[in-house]
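Counting begins at 1 with the first residue of the sequence. The shown structure was predicted, so the numbers you read here are calculated from the model rather than taken from an experiment.
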Amino acid sequence: MARLRARRPRRLLAAARALLFWALVYGYCGLCACIAGLRLLWSIGRRPGETFRRAVRENPPACLNDPSLGTHCYVRIKDSGLRFHYVAAGERGKPLMLLLHGFPEFWYSWRHQLREFKSEYRVVALDLRGYGETDAPSHKENYKLDCLITDIKDILESLGYNKCVLIGHDWGGMIAWLVAICYPEMVTKLIVVNFPHPSVFTEYILRHPSQLIKSAYYFFFQMPWFPEFMFTVNDFKVLKSLFTSQATGIGRKGCRLTAEDIEAYLYVFSQPGALTGPINHYRNIFSCLPLQHHEVTMPTLLLWGEKDAFMEVDMAEITRIYVKNHFRLTILSEASHWLQQDQPDIVNKLIWTFLKEETRKRE
């Protein structure tokens, strides 16, 4: 009887915490939606003709078919039945380097790395589930973290490899961390760009309102259809702004996107339904929290652009405690969130140094 009485307060406390958590999620979601709605009304009031204007983009820009970047390939996964698109550079049989992009990006965000590392690696830049030419299941349940992690394992096996150098940026960094945790035997070296260990992120965001504000889009994306619609306003002005504005775009000293680069992004994400899959990645995140405190056991390199408008740099150093192997952190003071596109020469040099250093240690 005494045990039952003791359990009741614990259950009530757990229920209260869950209630508070979901109240925060949906409350902040509503606030973000209201702000987006006001911005939409402001745009309609100022330029009603331009607000709903969208250019027709039927043909991809030439840069997406640049042969120097590699070959466009497809692989169908047996278990899920999904067909994945990727661009591969370098000879078959060389060690595999698998590249996972962030949001709102696709394989093209790794163009500088495809050219750079093909001399010694089979470099594969993937379109994640729901992105670009990869199949996009219609239900948001198909984008749970478990599915995304299993995708990487299955793709690795379908490519004929049992291990790889795994590199991820932003949301692709989140997936890369989790793949390294769940399938450590498949990852020889882990390189993550501008995303902390998932446990660091989930703990930090709840304790630091400034990061909560920077991650507002996580909450806004919980809404159906409205986030996709807001991206299309003013011919995808939000998408352009993410890469080019002073607040969130690539830094002044960085390698700015060309007009053709920007058009490549606009072409991919302006296709019918092209935004739903990518945003669905975020629509399951809160049901997966809290993430367990798993450690990473392989050599790890974390690269961070200090001018990141979405991720606070303090999380980078905290990540160190979750890596039980060689850990190297490099923070680039003038770099943005889009680090591998912003300062590709420096990023490539740092990756080469890390890979060669670990090879010498192993020998």
Exercise. Would Tyr265 and Phe236 count as a ring pair (Phe, Tyr, Trp, His ring centres under 6.0 Å) if you check the C-alpha gap in whole Å, the side-chain angles of each, and the deciding distance to 0.1 Å?
Worked result: CA-CA 10 Å; Tyr265 280 91; Phe236 296 88; over 10 Å; no
Exercise. Leu98, Tyr74: one ILVMFWY side-chain cluster at the under-4.5 Å cut-off?
Worked result: no
For this session: Sorted by first residue and then second, give each ring-ring contact (aromatic ring centres under 6.0 Å, His included) pair with at least one member in residues 41-73; sequence neighbours left out.
Result: His72-His85, His72-Trp107
Seminar exercise, completed: So salt bridge (charged side-chain N to carboxylate O under 4.0 Å, His left out) across residues 147-167, not counting sequence neighbours, yields Arg129-Asp151, Lys153-Glu157
Exercise. Would you say Asp135's side chain and Gly130's backbone share a donor-acceptor pair under 3.5 angstrom?
Worked result: no
For this session: Carefully, step by step, assess Leu64 and Tyr108 under the rule side chain to side chain contact (heavy atoms under 4.5 Å, CB included).
Result: CA-CA 7 Å; Leu64 292 182; Tyr108 189 70; 3.8 Å; yes
For this session: Taking the six-membered ring of Tyr267 (Phe, Tyr or Trp), confirm whether the NZ or CZ of Arg57 is under 6.0 Å from its centre and within 45° of its axis.
Result: no
Exercise. Less than 4.5 Å apart, any side-chain heavy atom of Arg320 and any of Leu329?
Worked result: yes
For this session: Kindly indicate whether the side chain of Leu301, heavy atoms from C-beta on, has any atom under 4.5 Å from the side chain of Leu190.
Result: no
Exercise. Are side-chain N/O atoms of His112 and Asn348 paired as donor and acceptor at under 3.5 Å?
Worked result: no
Problem set entry | Check ion pair Arg111-Asp261 (N to O, under 4.0 angstrom) | yes
Problem set entry | Phe219 side, atom CZ; Ile213 side, atom CD1 - distance, nearest 0.5 Å | 11.0 Å
Exercise. So with a 6.0 Å cut-off around NZ of Lys144, is the heavy-atom count from everything else above 12?
Worked result: no
Problem set entry | Any donor-acceptor pair under 3.5 Å from Lys307 side chain to Ile250 backbone | no
Exercise. Should Leu239 and Trp225 be regarded as members of a common hydrophobic cluster, given that ILVMFWY residues are connected when their side-chain heavy atoms come within less than 4.5 Å of each other, either directly or indirectly?
Worked result: yes
Problem set entry | Common cluster, Phe229/Ile35, ILVMFWY with side-chain heavy-atom separation under 4.5 Å | yes
For this session: Report, as yes or no, whether the 6.0 Å neighbourhood of atom NZ on Lys118 holds more than 12 heavy atoms from other residues, nucleotides or ligands.
Result: yes
Exercise. Looking only at atom types and distance, does a side-chain atom of Thr300 sit under 3.5 Å from a main-chain N or O of Phe327, one as donor and one as acceptor?
Worked result: no
Problem set entry | From Gln222 atom CD to Asn284 atom CG, the distance as rounded to the nearest 0.5 Å | 8.0 Å
Exercise. Run the ring pair (Phe, Tyr, Trp, His ring centres under 6.0 Å) check on His281 and Phe221 step by step: do they pass?
Worked result: CA-CA 9 Å; His281 279 248; Phe221 287 170; over 10 Å; no
Problem set entry | Basic-acidic side-chain contact under 4.0 Å: Glu133, Arg83 | no
For this session: Under the ring pair (Phe, Tyr, Trp, His ring centres under 6.0 Å) rule, what do Phe195 and His169 come out as? Steps first, then yes or no, please.
Result: CA-CA 7 Å; Phe195 202 95; His169 169 248; 9.4 Å; no
Exercise. So how far is it from Leu350 CG to Ile191 CD1, rounded to the nearest 0.5 Å?
Worked result: 10.0 Å
Exercise. Do the non-hydrogen side-chain atoms of Tyr86 and Leu159 ever get within less than 4.5 Å of each other?
Worked result: yes
For this session: Could you point out which residue of Trp110, Trp352, Tyr121 forms a side chain to side chain donor-acceptor pair (under 3.5 Å) with Glu116?
Result: Trp352
Exercise. Under 3.5 Å, is there a donor-acceptor pair between the side chain of Ser241 and the main chain of Lys237?
Worked result: no
For this session: Spell out, yes or no, whether Tyr282 and Tyr143 are grouped together once hydrophobic residues are joined by side-chain heavy atoms under 4.5 Å, including indirect joins.
Result: no
Seminar exercise, completed: Only one of Asn194, Asp342, Asp308 passes side chain to side chain donor-acceptor pair (under 3.5 Å) with Ser336, and that residue is Asp342
Exercise. For the side chain of Lys324 and the backbone of Met298, is there at least one donor-acceptor N/O pair under 3.5 Å apart?
Worked result: no
Exercise. Going by heavy atoms in the side chains, are Arg122 and Tyr161 under 4.5 Å from each other?
Worked result: yes
Exercise. Under 6.0 Å from the CZ atom of Arg47, do we count more than 12 heavy atoms belonging to anything else shown?
Worked result: no
For this session: Please report the C-alpha distance between Thr330 and Ile346 in whole Å, then the side-chain angles of each, then the deciding distance to 0.1 Å, and finally whether the side chain to side chain contact (heavy atoms under 4.5 Å, CB included) criterion is met.
Result: CA-CA 11 Å; Thr330 301; Ile346 296 175; over 6 Å; no
Exercise. Does Ser43 use its side chain to pair, donor to acceptor, with the backbone of Thr51 at less than 3.5 Å?
Worked result: no
Exercise. Does one side chain, of Glu228 or Thr276, offer a donor that lies under 3.5 Å from an acceptor on the other?
Worked result: yes
Exercise. For the residue pair His197 and Tyr322, does the interplanar ring angle fall in the parallel (under 30°), tilted (30 to 60°) or perpendicular (over 60°) class?
Worked result: parallel
Problem set entry | Thr248 side chain near Phe243 side chain, heavy-atom distance below 4.5 Å | no
Problem set entry | Salt bridge present between Lys356 and Glu120 (N-O < 4.0 angstrom) | yes
Problem set entry | Test item: Met311 and Trp304 side chains (from C-beta on) under 4.5 Å apart, heavy atoms | yes
Problem set entry | side chain to side chain contact (heavy atoms under 4.5 Å, CB included) assessment of Leu145 paired with Ile285 | CA-CA 7 Å; Leu145 287 176; Ile285 186 65; 4.1 Å; yes
Seminar exercise, completed: Across all chains, not counting sequence neighbours, the side-chain contact (heavy atoms from CB on, under 4.5 Å) partners of Cys182 are Ile149
For this session: Check the pair Tyr218, Phe286 against ring pair (Phe, Tyr, Trp, His ring centres under 6.0 Å), reporting the backbone distance first and the verdict last.
Result: CA-CA 9 Å; Tyr218 276 66; Phe286 293 111; 7.1 Å; no
Problem set entry | Shared hydrophobic cluster, Phe226 / Leu41 (ILVMFWY, side-chain heavy atoms < 4.5 Å) | no
Exercise. Heavy-atom count around Glu91 CD within 6.0 Å, excluding the residue itself: above 12?
Worked result: no
For this session: List the steps and the verdict of side chain to side chain contact (heavy atoms under 4.5 Å, CB included) for Ile167 and Leu100.
Result: CA-CA 6 Å; Ile167 306 181; Leu100 310 180; over 6 Å; no
Problem set entry | Side-chain donor/acceptor of Thr202 to backbone N/O of Ser199, under 3.5 Å | yes
For this session: Could you tell me whether a side-chain N or O of Gln211 sits under 3.5 Å from a main-chain N or O of Glu312, the two making a donor and an acceptor?
Result: yes
For this session: Using a 4.5 Å cut-off on heavy atoms from C-beta on, say whether the side chain of Lys189 contacts that of Leu166.
Result: no
Exercise. Side chains of Glu334 and Gln343: is there a donor and an acceptor less than 3.5 Å apart?
Worked result: no
Exercise. Do Gln113 and Leu99 have side chains that get closer than 4.5 Å, going by heavy atoms?
Worked result: yes
Exercise. When you look at NZ of Lys349, are more than 12 heavy atoms from neighbouring residues, nucleotides or ligands closer to it than 6.0 Å?
Worked result: no
Exercise. Cut-off 3.5 Å, side chains only: do Ser68 and Arg115 have a donor facing an acceptor?
Worked result: yes
Problem set entry | Within 6.0 angstrom of Arg53 CZ, more than 12 heavy atoms from elsewhere | yes
For this session: Give, for atom CG of Leu339 and atom CD1 of Ile331, the distance between the pair rounded to the nearest 0.5 Å.
Result: 11.0 Å
